[in-house]
Enquirer: 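A single structure is presented below for examination.
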Amino acid sequence: MKKEYWLDRWERKDIGFHQKETNSYLREYWQGLKLAQHSEVFVPLCGKSLDMLWLHEQGHAVLGIELSNLAAQAFFIENGLVPQCVASDKFIYRGADDIRILCGDFFDLCQHDMEKISAVYDRASLIALPPGMREHYAHHLLNILPPATQILLITLDYPHSEMSGPPFPISIDEVAALYQSHAGIKLLAQYDVLAQNPRFQERGLSRLQENIFLLRLHTP
């Protein structure tokens with residue numbers, strides 16, 4: 001999937017993936033990570049997610065990465081924040097009140113960018129990627145994160161043949177295949193959510209499940 005796809009979605013305001021309130025699973029399961037106050041949280045493919053505000057309200061510094069400059073600008077404007085803005089060779093940096101968004105390509109991130117990260121919140125990135133990109137994404141993420149980083153991962157699963165993503169279906173077995181060599185994986189919960197998602201019923205789905213995982217990267 002090319003970068004232009006997502007840039008065009010933001011240009012056309014075709015952003016049905018954007019949630020207008022804090023994710024309920026984030027609220028329910030985040031405290032299970034038992035992070036220290038002021039720990040820094042990474043939000044990949046963050047868009048203008050309100051989840052970043054909620055994480056900040058819990059006492060965390062937040063670092064997001066987002067391809068679309070429009071999305072990054074909208075986050076600060078819509079939440080009444082006036083960010084500092086600095087451009088580098090790879091990213092446009094915006095930051096206010098311990099919430100920072102790097103506007104650029106996720107795959108340009110390096111270990112130095114992640115050195116203060118204690119946890120990752122992934123609600124919208126893994127499921128946004130087609131099968132050919134997910135292994136590359138997971139491999140890069142695992143390579144740049146510090147040891148013992150925790151990841152709260154939310155995925156969708158549905159019959160592959162019934163709908164073309166995004167969002168893409170990701171099975172429990174695929175999560176294991178992507179991460180188990182580098183992290184401990186705990187399935188926290190599974191929810192059948194088709195009845196609450198009529199737009200997916202309209203697209204022909206007979207089953208829709210949301211899975212919530214907690215991953216902890218191994219230490220050397």
Enquirer: How close do A128 and A124 get, heavy atom to heavy atom, and via which atoms?
Expert: CB-O, 3.2 Å

Enquirer: Identify the heavy atoms of F42 and G64 that sit nearest to each other, and give their distance.
Expert: CE1-C, 4.5 Å

Enquirer: A side-chain contact here means heavy atoms from C-beta on lying under 4.5 Å apart; do L102 and D108 qualify?
Expert: no

Enquirer: Judged by atom type as modelled, is there a donor-acceptor pair below 3.5 Å linking the side chain of Q180 to the main-chain atoms of I185?
Expert: no

Enquirer: Answer yes or no: is there a side-chain heavy-atom contact under 4.5 Å between F76 and C85?
Expert: no

Enquirer: For Q31, I'd like to know if atom CD has over 12 heavy atoms of other residues, nucleotides or ligands within 6.0 Å.
Expert: yes

Enquirer: Taking side chain as C-beta onward, heavy atoms only, is V43 less than 4.5 Å from D51?
Expert: no

Enquirer: Give a yes or no answer on whether the side chain of Q58 reaches the backbone of W54 with a donor-acceptor pair at less than 3.5 Å.
Expert: yes

Enquirer: Are V41 and M52 close enough, and set up right, to give a side-chain contact (heavy atoms from CB on, under 4.5 Å), and what steps lead you there?
Expert: CA-CA 9 Å; V41 178; M52 292 188 286; over 6 Å; no

Enquirer: Hey, does the side chain of Q201 reach the backbone of L194 with a donor-acceptor pair shorter than 3.5 angstrom?
Expert: yes

Enquirer: What's the spacing between L178 CG and E135 CD if we round to 0.5 Å?
Expert: 7.0 Å

Enquirer: Is there a donor-acceptor pair under 3.5 Å between the side chain of D105 and the backbone N or O of F107?
Expert: yes

Enquirer: Any donor-acceptor pair under 3.5 Å linking the side chain of N79 with the backbone of F75?
Expert: yes

Enquirer: Under 6.0 Å from the NE2 atom of H38, do we count more than 12 heavy atoms belonging to anything else shown?
Expert: no

Enquirer: State the OG1-CG distance between T22 and L53, to the nearest 0.5 angstrom.
Expert: 7.5 Å

Enquirer: Taking all atoms of both residues into account, what is the closest heavy-atom pair of P83 and L81, and its distance?
Expert: CD-O, 3.4 Å

Enquirer: Could you report the tightest heavy-atom contact between G204 and E162, atom names first, then the distance?
Expert: O-OE1, 3.6 Å

Enquirer: Test of understanding: clusters of I, L, V, M, F, W, Y form through side-chain heavy atoms closer than 4.5 Å, transitively. Do I77 and V86 belong to the same one?
Expert: no

Enquirer: Any chain of hydrophobic side-chain contacts (each under 4.5 Å) joining F91 to L141?
Expert: yes

Enquirer: How far apart are the closest heavy atoms of I127 and R123, and which atoms are they?
Expert: CD1-O, 3.4 Å

Enquirer: What I'd like to find out is whether the side chain of I151 reaches to under 4.5 Å of the side chain of L217, using heavy atoms alone.
Expert: yes

Enquirer: Look only at the side chain of N197 and the backbone of V193, and say whether a donor-acceptor pair between them is shorter than 3.5 Å.
Expert: yes

Enquirer: Check the pair E66 / C103 against side-chain contact (heavy atoms from CB on, under 4.5 Å), numbers first and verdict last.
Expert: CA-CA 5 Å; E66 170 55 42; C103 186; 5.5 Å; no

Enquirer: Quick check: is L7 connected to L70 through a chain of hydrophobic side chains (ILVMFWY, heavy atoms under 4.5 Å apart)?
Expert: no

Enquirer: For L26, does its backbone N or O pair with a side-chain atom of N23 as donor and acceptor, under 3.5 Å?
Expert: yes

Enquirer: Taking side chain as C-beta onward, heavy atoms only, is I144 less than 4.5 Å from D113?
Expert: no

Enquirer: What do you reckon, is CZ of R100 surrounded by more than 12 foreign heavy atoms closer than 6.0 Å?
Expert: yes

Enquirer: Run the numbers on L152 and L188 for side-chain contact (heavy atoms from CB on, under 4.5 Å), then give the verdict.
Expert: CA-CA 10 Å; L152 185 67; L188 299 177; 4.0 Å; yes

Enquirer: If Ile, Leu, Val, Met, Phe, Trp and Tyr residues are connected whenever their side-chain heavy atoms lie under 4.5 Å apart, and connections chain through other members, are I172 and Y158 in the same group?
Expert: yes

Enquirer: Are Q73 and R94 packed together at the side-chain level, in the sense that at least one heavy-atom pair is separated by less than 4.5 angstrom?
Expert: yes

Enquirer: Checking the side chain of S49 only, and the main-chain atoms of C46 only, is there a donor and an acceptor separated by less than 3.5 Å?
Expert: no

Enquirer: Atom CG of L55 and atom CG of D98: how far apart are they, to the nearest 0.5 Å?
Expert: 12.5 Å

Enquirer: In the single-linkage hydrophobic clustering (I, L, V, M, F, W, Y; side-chain heavy atoms under 4.5 Å), do I170 and L142 co-cluster?
Expert: yes

Enquirer: Look only at the side chain of H56 and the backbone of D97, and say whether a donor-acceptor pair between them is shorter than 3.5 Å.
Expert: yes

Enquirer: What I'd like to find out is whether the side chain of R134 reaches to under 4.5 Å of the side chain of F168, using heavy atoms alone.
Expert: yes

Enquirer: Could you tell me whether a side-chain N or O of R203 sits under 3.5 Å from a main-chain N or O of S164, the two making a donor and an acceptor?
Expert: yes

Enquirer: Taking atom CG of L214 and atom CG of L153, what is their separation to the nearest 0.5 Å?
Expert: 10.0 Å

Enquirer: Can you confirm whether or not the ring centre of Y179 sits under 6.0 Å from the ring centre of F213?
Expert: no

Enquirer: Yes or no on side-chain contact (heavy atoms from CB on, under 4.5 Å) for R207 and D157, after CA distance, side-chain angles and deciding distance?
Expert: CA-CA 8 Å; R207 176 178 63 84; D157 195 14; 3.9 Å; yes

Enquirer: Does any non-hydrogen side-chain atom of H60 lie less than 4.5 Å from one of W30?
Expert: yes

Enquirer: Relative to the ring of F106, is the ring of H140 parallel (under 30°), tilted (30 to 60°) or perpendicular (over 60°)?
Expert: perpendicular

Enquirer: Calculate, to the nearest 0.5 Å, the distance between atoms OH and OH belonging to Y121 and Y25 respectively.
Expert: 10.5 Å

Enquirer: Rounded to the nearest 0.5 Å, how far apart are CD1 of I117 and CD of Q111?
Expert: 13.0 Å

Enquirer: What is the minimum heavy-atom distance between Q150 and L33, and which atoms define it?
Expert: NE2-O, 2.9 Å

